[in-house]
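Note on naming: letters A, B, ... go to the chains in the order of the sequence lines (proteins, then strands), and numbering restarts at 1 for each one. Everything quoted here is computed from the prediction, not taken from an experiment.
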Amino acid sequence: MNVFEAMRERIEDSLSVAMRDAGRASVADGADFSVEPPRDPRHGEVSSNVALVRAKAAGMKPRDLAERVADALAAHEDVLDVSVAGPGFINLRLRGEIWRARLGDILAAGTSYGDSDLGEGKKVNVEYVSANPTGPMHVGHGRGAVVGDALASLLAKAGYAVTREYYVNDAGAQVDVLARSLYHRYCQVIDKETTGELPDDYYPGEYLVEAGRALLDRDGLKWFFSGEDEWMPPVRDFAIDAMMDLIRDDLAALGISHDVFSSERELAVSGAVEEALSDLQDRNLLYEGVLEPPKGRADEDWEPRPQTLFRSTAFGDDTDRAIRKSDGSWTYFATDMAYHRDKFRRGFPILIDVWGADHKGYVKRMQAAVDALSGGGAAFDVLICNLVNLSEAGRPVKMSKRAGTFVTLRDVVDRVGKDVVRFIMLTRGNEASLDFDLAQAVEQSKDNPIFYVQYAHARACSALRNAAETFPGEDFSDSALGEAPFDRLDEDEELSLIRMLAGWPRTVEAAAEAAEPHRIAYALSDIAAAFHALWNRGNVDDDRRFVVADDLALSRARLALVRASALVIASGLDVMGVAPVEEMR
RNA sequence: GCGCCCGUAGCUCAGCCGGAUAGAGCAGCGGACUUCUAAUCCGCAGGUCGCAGGUUCGAAUCCUGCCGGGCGCGCCA
């Protein structure tokens with residue numbers, strides 16, 4: 001049970017009662033008012049602004065309406081105390097049992113506590129990573145990967161049917177360059193002397209030397225004496241496969257696997273682009289035109305050129321967009337439009353893309369395109385992930401591909417571990433830039449949020465281990481603790497932690513609705529803080545330890561709270577893709 | 001020039017679709033350990049929410065205009 005949602009319904013009922021008693025017509029219902037824990041605990045346990053929001057429609061002063069609703073609420077058995085405060089807030093205190101009973105819910109549900117049907121099983125496609133298959137992933141890609149993956153898990157927890165998708169940009173000039181780079185390495189492996197140095201515009205990474213050897217192993221000297229026309233297609237395929245293997249390995253190291261990989265090239269050859277454009281053509285959204293040069297920027301190479309344009313300005317874009325290059329091939333935008341149309345037509349009414357900050361300027365045109373191609377039927381959202389600034393003990397890590405000092409995502413994951421990387425990547429909103437300090441990330445102190453949260457979980461496990469020693473033979477399983485006498489939990493700090501845990505379903509839903517997985521990290525930090533505070537009381541006062549040797553019943557009740565805290569933390573870590581630890585040693 | 005993002009305590013940042021006296025961590029100061037791991041906790045101090053208007057019962061939040069910073073701006077993906 002979600003206490004706040006349950007109270008929302010009671011407030012709705014009380015509102016109707018109040019209106020009827022006042023001789024007013026009932027006001028249309030809806031979720032336009034808040035039911036939430038107030039920031040200041042002196043304002044009660046549950047607070048609502050319903051009277052402020054509905055006063056106008058009710059034709060009453062906010063405080064008058066609040067008084068009436070409060071009177072109706074006061075009659076409810078679960079409500080201990082109601083007051084009207086400030087401009088017309090209704091503040092409630094509930095019977096302790098309402099809160100305590102949530103411990104039973106948590107112990108019964110385990111880490112699936114907080115699961116919600118908010119999404120009503122609607123299909124959502126989350127496209128993330130989509131790094132070009134030209135080399136290993138860098139740290140910036142890693143952020144998009146973690147944010148996308150956590151968002152997908154979050155939406156799944158909130159009741160959406162989520163598909164995790166990767167768009168492989170395996171078409172266009174860059175994969176040809178990749179193929180040439182690989183071919184060059186292949187030739188170098190065979191005969192370094194005659195092949196010569198790697199040209200400047202080729203991909204320089206060592207990983208292509210390995211791929212070159214692998215190509216030699218597979219095909220022998222077959223391509224060494226042939227012309228580019230001949231070797232390009234097979235070598236390109238080989239290169240893309242090799243790079244995708246590399247990327248999949250990098251992702252696996254982060255614990256990420258996608259459900260669907262979509263190929264740009266397959267899309268281009270399947271005629272999907274022509275279909276999409278013909279859709280637009282039919283609706284008169286394509287035309288031949290000449291774009292204005294961008295203002296305020298001197299561009300020597302600018303030449304006015306008539307080209308096929310998509311009327312994206314009709315959907316809020318700043319300028320219309322080209323769909324064909326001068327060599328006759330499609331622009332990236334054209335294939336990407338076809339791709340998004342394809343996703344929509346595969347039955348996803350909700351599309352979410354996770355992109356890097358360098359693609360921010362691309363958002364409007366894609367929104368315009370999805371709008372046009374779905375006839376407004378698709379909800380499309382883009383999460384932009386800002387830069388990651390890597391540092392080491394406060395000093396920025398300088399990276400240069402040429403100097404060979406480039407730090408890859410894999411380097412970082414191998415250094416600090418996947419769980420640390422994932423957690424750190426979620427400690428900021430995705431649009432804010434993120435400082436990632438390699439030294440601080442593994443520091444064992446409260447400066448390090450992942451340590452702080454993991455430590456709380458470990459401590460909880462420790463308390464349970466201790467209980468098993470103190471009370472040999474006693475059953476401290478989740479189901480046994482679910483039967484503990486919760487009414488023994490009557491101290492303010494205990495109740496305050498219980499209320500925090502009871503708010504977990506609300507946190508999950510709010511984070512999912514806002515598509516902000518980082519909120520989970522913040523919520524876990526809050527819960528960990530409350531848990532640590534509770535723990536420490538036991539250091540000051542023996543009677544307040546979780547395990548009290550001469551009072552089994554009290555111990556069981558407290559351990560139920562301890563276990564419930566661990567389960568909620570584990571539930572949040574699960575959304576983040578982080579494994580909870582049971583001890584820190 | 002245009003577009004998007006950002007500007008909150010000395011520092012790094014939260015702030016849920018407008019809500020009550022703006023929060024947390026770090027740094028600073030003062031306390032709590034013969035530990036269910038003190039790897040933690042408690043307290044104190046610290047703010048014209050960039051500036052100026054507007055919208056309204058109420059604005060850090062929404063709107064407009066400035067100031068300051070970042071990113072992007074026809075055929076690269």
Closest listed nucleotide, where the reference is the side chain of [X] and the choices are [options]:
X: Arg305(A); options: rA77(B), rG74(B), rC13(B); answer: rG74(B)
X: Arg459(A); options: rG3(B), rA77(B), rU40(B); answer: rU40(B)
X: Arg428(A); options: rU12(B), rC41(B), rC75(B); answer: rU12(B)
X: Tyr455(A); options: rC75(B), rU40(B), rC16(B); answer: rU40(B)

Quiz item: Paired stems touching RNA chain B, three or more consecutive Watson-Crick or G-U pairs with both distances under 3.5 Å?
Solution: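 Stem list for RNA chain B: B:1-7 with B:67-73, B:10-13 with B:23-26, B:28-32 with B:40-44, B:50-54 with B:62-66.
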Taking atom [atom1] in both [N] and [M], what distance in whole Å separates the two?
N: rG7(B); M: rA77(B); atom1: P; answer: 34 Å
N: rU55(B); M: rG47(B); atom1: C1'; answer: 26 Å
N: rC2(B); M: rA59(B); atom1: C1'; answer: 29 Å
N: rG23(B); M: rC16(B); atom1: P; answer: 14 Å
N: rC29(B); M: rC67(B); atom1: C1'; answer: 37 Å

Side chains of [X] and [Y] in contact at under 4.5 Å (non-hydrogen atoms):
X: Arg143(A); Y: Leu434(A); result: yes
X: Leu561(A); Y: Leu501(A); result: yes
X: Asn169(A); Y: Gln174(A); result: yes

What integer distance in Å separates [X]:[atom1] from [N]:[atom2]?
X: Asn430(A); N: rA14(B); atom1: CG; atom2: P; value: 10 Å
X: Leu524(A); N: rA24(B); atom1: CG; atom2: P; value: 18 Å
X: Phe531(A); N: rA24(B); atom1: CZ; atom2: C1'; value: 20 Å
X: Lys446(A); N: rC41(B); atom1: NZ; atom2: C1'; value: 7 Å
X: Glu288(A); N: rC75(B); atom1: CD; atom2: P; value: 16 Å
X: Asp437(A); N: rU12(B); atom1: CG; atom2: P; value: 14 Å
X: Asp358(A); N: rG3(B); atom1: CG; atom2: P; value: 22 Å
X: Gln454(A); N: rU40(B); atom1: CD; atom2: P; value: 14 Å

So what does [X] touch, heavy atoms closer than 4.0 Å: a base, only the sugar-phosphate, or nothing?
X: Tyr332(A); answer: base
X: Gly429(A); answer: sugar-phosphate
X: Ser445(A); answer: sugar-phosphate
X: Glu583(A); answer: base
X: Ala432(A); answer: sugar-phosphate
X: His359(A); answer: base
X: Ala463(A); answer: base
X: Tyr362(A); answer: base
X: Arg321(A); answer: nothing
X: Lys364(A); answer: sugar-phosphate

Exercise. Decide salt bridge (Lys or Arg N to Asp or Glu O under 4.0 Å) for Arg519(A) and Glu516(A); before the verdict, give the C-alpha distance in whole Å, the side-chain angles of both, and the deciding distance to 0.1 Å.
Key: CA-CA 6 Å; Arg519(A) 288 194 201 181; Glu516(A) 291 184 352; 2.9 Å; yes
Self-check item: Sub-6.0 Å ring centroid separation between His43(A) and Phe89(A)
Solution: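 So the answer is no for these two rings.
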Report each atom pair, protein N/O against N/O of nucleotides 19-21 of chain B, whose distance is under 3.5 angstrom.
from	atom 1	to	atom 2	distance (Å)
rG19(B)	N7	Asn49(A)	ND2	3.2
rA20(B)	OP1	Arg39(A)	NH2	3.3
rA20(B)	OP2	Arg39(A)	NH2	2.0
rA20(B)	N6	Ser47(A)	OG	2.4
rA20(B)	N6	Asn91(A)	OD1	2.8
rA20(B)	N1	Asn91(A)	OD1	3.2
rA20(B)	N1	Asn91(A)	ND2	2.9
rU21(B)	N3	Arg42(A)	NH2	3.2

Quiz item: Between Lys343(A) and Asp353(A), is there a salt bridge with N-O shorter than 4.0 Å?
Solution: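 Salt bridge present between Asp353(A) and Lys343(A).
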Tell me every residue that passes side-chain hydrogen bond (donor to acceptor under 3.5 Å, both in side chains) with [X], counting only those two or more places apart in sequence or in another chain.
X: Asp320(A); result: Tyr287(A), Thr313(A)
X: Ser312(A); result: Asp317(A)
X: Asp526(A); result: none

Which residues pass the ring pair (Phe, Tyr, Trp, His ring centres under 6.0 Å) test with [X], not counting sequence neighbours?
X: Tyr166(A); value: His258(A), Phe261(A)
X: His457(A); value: none
X: Phe4(A); value: Trp99(A)

Quiz item: Starting at the 5' end of RNA chain B and moving along, which residue's nearest nucleotide shows up first, Glu431(A) or Tyr452(A)?
Solution: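 Its nucleotide being nearer the 5' end, the pick is Glu431(A).
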Quiz item: If each of Phe546(A) and Leu387(A) is mapped to the nucleotide of RNA chain B with the nearest heavy atom, which maps nearer the 5' terminus, i.e. the 5' end?
Solution: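 So the residue in question is Phe546(A).
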Exercise. Go through the side-chain N and O atoms of Ser329(A) and Asp327(A) and say whether any donor and acceptor fall under 3.5 Å apart.
Key: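 Their side chains do contain a donor-acceptor pair, which is all the 3.5 Å distance test asks for.
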Quiz item: In residues 532-544 of chain A, what residues come within less than 4.0 Å of RNA chain B, judged by heavy atoms?
Solution: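 Residues of residues 532-544 of chain A under 4.0 Å from RNA chain B: His532(A), Ala533(A), Trp535(A), Asn536(A), Gly538(A), Asn539(A).
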Quiz item: Has Arg8(A) got its NZ or CZ under 6.0 Å from the middle of the six-membered ring of Phe33(A), at an angle within 45 degrees of the ring axis?
Solution: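 Flagged: Arg8(A) positioned over aromatic ring of Phe33(A).
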With the criterion being N/O to N/O and under 3.5 Å, what pairs connect the protein with nucleotides 27-30 of chain B, and how long is each?
none

Quiz item: Which residues satisfy the salt bridge (Lys or Arg N to Asp or Glu O under 4.0 Å) test with Arg537(A), sequence neighbours excluded?
Solution: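 Listed in chain order: Glu491(A), Glu493(A), Glu494(A).
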Quiz item: Arg265(A): what forms a salt bridge (Lys or Arg N to Asp or Glu O under 4.0 Å) with it, not counting sequence neighbours?
Solution: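 With sequence neighbours excluded, Arg265(A) shows a salt bridge (Lys or Arg N to Asp or Glu O under 4.0 Å) to Asp237(A), given in chain and number order.
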Quiz prompt | Full working for side-chain hydrogen bond (donor to acceptor under 3.5 Å, both in side chains) between Glu288(A) and Thr308(A) | solution = CA-CA 5 Å; Glu288(A) 295 295 317; Thr308(A) 310; 2.7 Å; yes
